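Remarks on the structure that follows.
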Amino acid sequence: MKILILGAGKMGSFFIDLLSFDHEVGVYEKDPKRMRFTYNCQRFTALDEIREFSPELCINAATVKYTIPAFNEVMDYLPKNCILSDIASVKTGLKEFYESTGRRYVSTHPMFGPTFANLNQLSEENAIIISEGDYMGRCFFKDLYSKLDLNIYEYTFEEHDKTVAYSLSIPFVSTFVFSAVMKHQDAPGTTFKRHLRIAKGVLNEDDYLLQEVLFNPYTHDQVDQIRKELKELLEIIDNKDAKGMKAYLTKIRNNVKRDVEALKS
């Protein structure tokens, strides 16, 4: 299959590497310097080169802010039968966009990134395939993600955004709070250093991605739940309520235990 990838960033390069040995891959990137370390693929910097390449599948790996603009830029240079695809972690507005084009499409979300995941060992990572869209496109990505040993889930666009609001907004906001109150430590403990590494990774993400995750319409309730939990914990601390602290620790340990067991199953 002829596959065009839009963007040669971290995930774009990952998909180039992943697909280029089994498919004819081309990458379109405006900044030639970002394609220096891509290989086994055709490199395009001009739109006319895309028309000549005539891809059957277009995987949009541009950052969230530019997902739809990137599609709009290349749309007139893609064959009518080319399947549109994105790997965006925030799907806001994408369903409406796809439907407005009248083209076949498939939307997925690899729930991992180069920041934290071991790209050579992904059996503990997840991927979401949006259940709406082209059947053959979904089959392509299901087969691709299965070969990576990813755990695959099928959600609607709405279900996806609800999942992202929970799985991304909670750790993002927790990291923001940690980063906002932290002070330099000459001799930091192990837990502090681990949190600091996580904070560096999260804050290395694209600003627009962080913004869109937090502006997700389902994020507010998740953040509000954090506020309520902090209020309860602060009351326990202020009252030096040993019994209340014991009950609170039991509750959160059970929550962690439940999720760990769910991930194993």
Side-chain angles (χ1 to χ4, degrees), residues 1-28 38 40-42 50 53-64 66-68 70-71 74-75 78-99 101-114 116-164 167-168 209:
M1 180 185 289
K2 282 190 172 184
I3 301 175
L4 174 68
I5 295 175
L6 303 181
K10 294 177 181 178
M11 289 305 289
S13 297
F14 170 72
F15 273 89
I16 292 169
D17 184 38
L18 179 64
L19 296 167
S20 60
F21 291 98
D22 296 315
H23 302 276
E24 188 175 349
V25 174
V27 55
Y28 174 66
T38 59
N40 204 31
C41 66
Q42 297 185 50
I50 294 176
F53 182 61
S54 190
E56 301 163 78
L57 172 66
C58 175
I59 301 176
N60 192 334
T63 56
V64 173
Y66 298 108
T67 301
I68 293 178
F71 272 137
V74 303
M75 195 71 70
L78 299 174
K80 294 297 182 183
N81 64 342
C82 180
I83 301 174
L84 304 180
S85 173
D86 75 272
I87 56 170
S89 53
V90 178
K91 305 296 185 185
T92 305
L94 279 172
K95 180 180 181 180
E96 294 76 13
F97 168 78
Y98 281 133
E99 292 176 347
T101 67
R103 289 174 175 261
R104 299 163 65 194
Y105 71 87
V106 56
S107 184
T108 75
H109 179 191
M111 297 285 285
F112 59 88
F116 293 118
N118 178 358
L119 299 182
N120 295 313
Q121 180 60 45
L122 296 172
S123 59
E124 295 184 0
E125 305 293 344
N126 304 315
I128 294 175
I129 297 176
I130 302 300
S131 57
E132 297 138 297
D134 184 75
Y135 173 74
M136 293 306 296
R138 298 200 309 271
C139 288
F140 174 85
F141 278 97
K142 188 172 185 179
D143 179 65
L144 179 66
Y145 292 153
S146 294
K147 289 178 180 177
L148 294 174
D149 290 329
L150 289 166
N151 302 294
I152 302 170
Y153 300 89
E154 291 199 31
Y155 295 154
T156 64
F157 279 105
E158 182 180 11
E159 289 169 340
H160 169 272
D161 284 351
K162 288 181 178 179
T163 299
V164 167
S167 64
L168 292 184
L209 168 63

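Just so we're clear, the structure is a prediction, and the values are computed from it rather than from any experiment.
- Summarising the geometry of S85 relative to F71, their closest heavy-atom pair is O-CZ, 3.2 Å, with the distance given to 0.1 Å.
- Considering every non-hydrogen atom in both N151 and S123, the closest pair reads ND2-O, 3.3 Å.
- Contact record, K91 with S107: NZ-OG, 2.9 Å, taken as the closest heavy-atom pair.
- The shortest heavy-atom contact between S13 and A8 is OG-O, 3.2 Å.
- The aromatic rings of Y98 and Y105 lie parallel to each other, their planes meeting at an angle below 30°, with 60° marking the opposite boundary.
- Using a 4.5 Å heavy-atom threshold, the side chains of F15 and I3 count as separate.
- Taking NE2 of H160 as the reference point, atom OG of S89 lies at 7.0 Å (rounded to 0.5 Å).
- The side-chain contact (heavy atoms from CB on, under 4.5 Å) test with I59 singles out one residue from T108, D86, L19, V27, and that residue is L19.
- Looking at N126, its side chain never comes within 3.5 Å of a backbone N or O of M111 through a donor-acceptor pair.
- When all heavy atoms of S54 and P79 are compared, the closest pair comes out as OG-CG, 3.3 Å.
- Here the straight-line distance linking atom CG of L18 with atom CG of L144 works out to 4.5 Å at 0.5 Å rounding.
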- [ ] Could you go through the side chain to side chain contact (heavy atoms under 4.5 Å, CB included) check for V106 and F140 one step at a time?
- [x] CA-CA 9 Å; V106 56; F140 174 85; over 6 Å; no
Task: L78 vs R103, side chain to side chain contact (heavy atoms under 4.5 Å, CB included): CA-CA, chis, key distance, verdict - done: CA-CA 11 Å; L78 299 174; R103 289 174 175 261; 4.1 Å; yes
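- Residues V90 and L168 are not in side-chain contact: their nearest non-hydrogen atoms beyond the backbone lie 4.5 Å or more apart.
- Considering only heavy atoms from C-beta on, P110 stays 4.5 Å or farther from L150 through its side chain.
- Proximity of M75 to L84: side-chain heavy atoms (C-beta onward) are separated by under 4.5 Å at one or more points.
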Task: Evaluation steps, side chain to side chain contact (heavy atoms under 4.5 Å, CB included), between I128 and V164 - done: CA-CA 10 Å; I128 294 175; V164 167; 5.6 Å; no
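- Here the side chains of L57 and I83 are in contact, with some heavy-atom distance below 4.5 Å.
- Contact check for Q42 versus E24: side-chain heavy atoms found under the 4.5 Å cut-off.
- The line from CG of L94 to CD of E132 is 11.5 Å long, rounded to the nearest 0.5 Å.
- Of the possible polar contacts, one joining the K2 side chain to the F53 backbone as a donor-acceptor pair under 3.5 Å is found.
- In this structure, N40 contributes its side chain and S20 its backbone to a donor-acceptor pair below 3.5 Å.
- Counted within 6.0 Å of CD on E124, heavy atoms from surrounding residues, nucleotides or ligands total 12 or fewer; the atom is thus considered open.
- Neither side chain, Y153 nor T163, offers a donor N or O lying under 3.5 Å from an acceptor on the other.
- Annotation: the span from F21 atom CZ to C41 atom SG amounts to 10.5 Å, rounded to 0.5 Å.
- Ring pair F112/F14 is perpendicular by interplanar angle, where above 60° counts as perpendicular and below 30° as parallel.
- With rounding to the nearest 0.5 angstrom, the CG atom of D17 is 10.0 Å from the CD1 atom of I5.
- Enclosure of atom CE in M136 is not indicated, since only 12 or fewer non-hydrogen atoms of other residues, nucleotides or ligands lie within 6.0 angstrom.
- Between Y135 atom OH and K142 atom NZ the span is 8.0 Å, to the nearest 0.5 Å.
- Scanning all heavy atoms of the two residues, the minimum distance from R138 to S131 falls at NH1-O, 3.2 Å.
- More than 12 heavy atoms of other shown residues, nucleotides or ligands fall within 6.0 angstrom of atom CZ in F97.
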